[in-house]
Amino acid sequence: MAGVKEVEVVVAHHECATLRVGDVFLKIDADQARTDVEIEAMARAPIPTPEVLWRKPPVLALAALPGTALGRLGEPSTASSAAWAAAGAAARMLHDAPLPPWPGRSLDELASQLDGECQWLVASGILPTDLVTRNRRVAEAVLRPWIPVFTHGDLQVVHMFVDGDEITGVVDWTEAGQGDALYDLAILTLGHEEHLGDVVAGYGTDVDLDVIRAWWSFRSLQAIRWLIEHGFDPFSPGCEVDVLRACSGISD
């Protein structure tokens, strides 16, 4: 990193921060258990991940991936349909891999999270009651048994890197574990419904689109309090609140 003249703050809040220094990403996390999961998950994943350069708690140094992010929430993606299909194929490869040994969230935990976040959203007045109620009804479709697979757990478009039509790697594995395959597909397409068909085509098997849409509602309801408390704006165009409006059929 000698000679680097600029440090870029990629993301920062009171739990963790990621900096880019030249071709190196420095992840600083107060919870080293998350870093343990990230390193182990990347070692197990059958798809490209960043190279671990060194670890000196609380800092993890990762090599930058070639290419650019598949997209960003709230912005149109400039990636090709083939790149989105390749993202679906990468998700399928991950889901077909052996399960990691640590468990994911249980149905009871998910139900409790949904209940708690919906109560908070209504009590705080952050969102109209009707918007919360409609999306809760949609989101409850995720509360059904599934066969667990190896999931990334936070497969946002910004975490999937592409170069042309090829996937060059996936970052941010702190939420990886056993989970619902459709959750990964939902997070990947959150706010980018126009690319859902490409992702499913690349995934290569039939999926329940209603459950994916239910996960869009669940994820958005669950995320809003965290985003506000950490200085992010879920009301930005195309982001979580707009996703909830689209899922519920409420335009504004």
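Model, not experiment: these values are computed from the prediction. In this chain, residues are counted from 1 in sequence order.
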A.B. asks: Only counting residues at least two apart or in another chain, list the ones meeting side chain to side chain contact (heavy atoms under 4.5 Å, CB included) with Leu114.
C.D. replies: Cys118, Arg136, Ala139, Glu140, Leu143, Phe218, Leu221

A.B. asks: Running the 4.5 Å side-chain criterion over Ile, Leu, Val, Met, Phe, Trp and Tyr, what cluster does Leu99 land in, apart from itself?
C.D. replies: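 Once heavy-atom contacts under 4.5 Å are chained together, Leu99 still belongs with nothing else.
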
A.B. asks: If the threshold is 4.0 Å, N to carboxylate O, is there a salt bridge linking Arg34 and Asp172?
C.D. replies: no

A.B. asks: Please list all pairs meeting ring pair (Phe, Tyr, Trp, His ring centres under 6.0 Å) that have one or both residues in residues 165-190, counting only residues at least two apart or in different chains.
C.D. replies: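 For residues 165-190, and leaving out neighbouring residues, the ring pair (Phe, Tyr, Trp, His ring centres under 6.0 Å) pairs sorted by first residue read His152-Trp173, Tyr183-Trp215.
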
A.B. asks: Is the shortest side-chain heavy-atom distance between Ile212 and Val207 below 4.5 Å?
C.D. replies: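 A side-chain contact exists here, since the closest heavy-atom pair is under 4.5 Å.
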
A.B. asks: Grab the two heavy atoms, one from Val37 and one from Ala176, that are nearest each other, plus how far apart they are.
C.D. replies: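 Nearest heavy atoms, Val37 then Ala176: CG1-O, 3.8 Å.
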
A.B. asks: Would you find a donor on one side and an acceptor on the other, under 3.5 Å apart, between the side chain of Asn135 and the backbone of Leu131?
C.D. replies: yes

A.B. asks: Between Trp226 and His230, which heavy-atom pair has the shortest distance, and what is it?
C.D. replies: O-ND1, 2.8 Å

A.B. asks: Following the transitive rule for hydrophobic clusters with a side-chain heavy-atom cut-off under 4.5 Å over Ile, Leu, Val, Met, Phe, Trp and Tyr, establish whether Leu190 and Val11 coincide in one cluster.
C.D. replies: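 No; tracing contacts between hydrophobic side chains, which count when under 4.5 Å, never links both residues.
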
A.B. asks: Which atoms form the tightest heavy-atom contact between Arg225 and Trp120, and what is the distance?
C.D. replies: NH1-CD1, 3.2 Å

A.B. asks: Taking atom types as modelled, find out whether Ser80 and Asp165 have a side-chain donor-acceptor pair closer than 3.5 angstrom.
C.D. replies: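 Yes.
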
A.B. asks: Would you give the length of the straight line joining atom CG of Leu188 to atom CG of Asp198, rounded to the nearest 0.5 angstrom?
C.D. replies: 10.5 Å

A.B. asks: Check whether any side-chain N or O of Ser77 sits under 3.5 Å from a backbone N or O of Leu70 as a donor-acceptor pair, and report yes or no.
C.D. replies: yes

A.B. asks: Around atom CD of Glu166, are there more than 12 heavy atoms of other residues, nucleotides or ligands at under 6.0 Å?
C.D. replies: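 Incorrect, the count does not exceed 12.
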
A.B. asks: How far does CG of Leu94 sit from OG1 of Thr151, to the nearest 0.5 angstrom?
C.D. replies: 7.5 Å

A.B. asks: Answer yes or no: is there a donor N or O on one side and an acceptor on the other, between the side chain of Ser220 and the main chain of Leu244, under 3.5 Å?
C.D. replies: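 Between the backbone of Leu244 and the side chain of Ser220 there is no qualifying donor-acceptor contact (under 3.5 Å).
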
A.B. asks: Is there a donor-acceptor pair closer than 3.5 Å between any side-chain N or O of Trp216 and the backbone N or O of Ala186?
C.D. replies: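 Indeed, once roles are kept as given, a pair shorter than 3.5 Å links the two residues.
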
A.B. asks: Can you find a heavy atom in the side chain of Asp29 that is under 4.5 Å from one in the side chain of Glu15?
C.D. replies: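 With C-beta onward as the side chain, the pair stays apart.
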
A.B. asks: Decide yes or no for Pro98 and Arg44: does some side-chain heavy atom of the first lie under 4.5 Å from some side-chain heavy atom of the second?
C.D. replies: no

A.B. asks: Using the rule that two of Ile, Leu, Val, Met, Phe, Trp, Tyr join whenever any of their side-chain heavy atoms come within less than 4.5 Å, decide whether Val170 and Val52 are in one cluster.
C.D. replies: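 Both belong to a single hydrophobic cluster.
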
A.B. asks: Between the side chain of Ser112 and the main-chain N/O of Asp108, is any donor-acceptor distance below 3.5 Å?
C.D. replies: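 Side chain of Ser112 to backbone of Asp108, a donor-acceptor pair under 3.5 Å: no, none is there.
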
A.B. asks: What are the two closest non-hydrogen atoms of Gly67 and Phe161, and how far apart are they?
C.D. replies: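 Looks like O-CD2, 3.9 Å.
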
A.B. asks: When rounded to the nearest 0.5 angstrom, what distance separates NE2 in His159 from CG in Asp154?
C.D. replies: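 Here the interatomic distance stands at 5.0 Å.
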
A.B. asks: State, yes or no, whether a side-chain contact exists between Arg55 and Asp36 at a heavy-atom distance under 4.5 Å.
C.D. replies: yes

A.B. asks: When rounded to the nearest 0.5 angstrom, what is the spacing between CZ in Arg92 and OG1 in Thr205?
C.D. replies: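 If I round to the nearest 0.5 Å, the distance is 5.0 Å.
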
A.B. asks: Counting C-beta onward and ignoring hydrogens, is there a side-chain heavy-atom pair between Lys27 and Thr35 closer than 4.5 Å?
C.D. replies: no

A.B. asks: On a heavy-atom basis, which atom in Val138 and which in Ser217 lie closest, and how many Å separate them?
C.D. replies: CG1-OG, 3.5 Å

A.B. asks: On a heavy-atom basis, which atom in Glu38 and which in Leu60 lie closest, and how many Å separate them?
C.D. replies: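 Heavy atoms only, the tightest pair is OE1-CD2, 4.1 Å.
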
A.B. asks: Does the plane of the ring in Phe232 sit parallel, tilted or perpendicular to the ring in His13? Use 30° and 60° as the thresholds.
C.D. replies: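 Ring orientation, 0 to 90° scale: perpendicular.
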
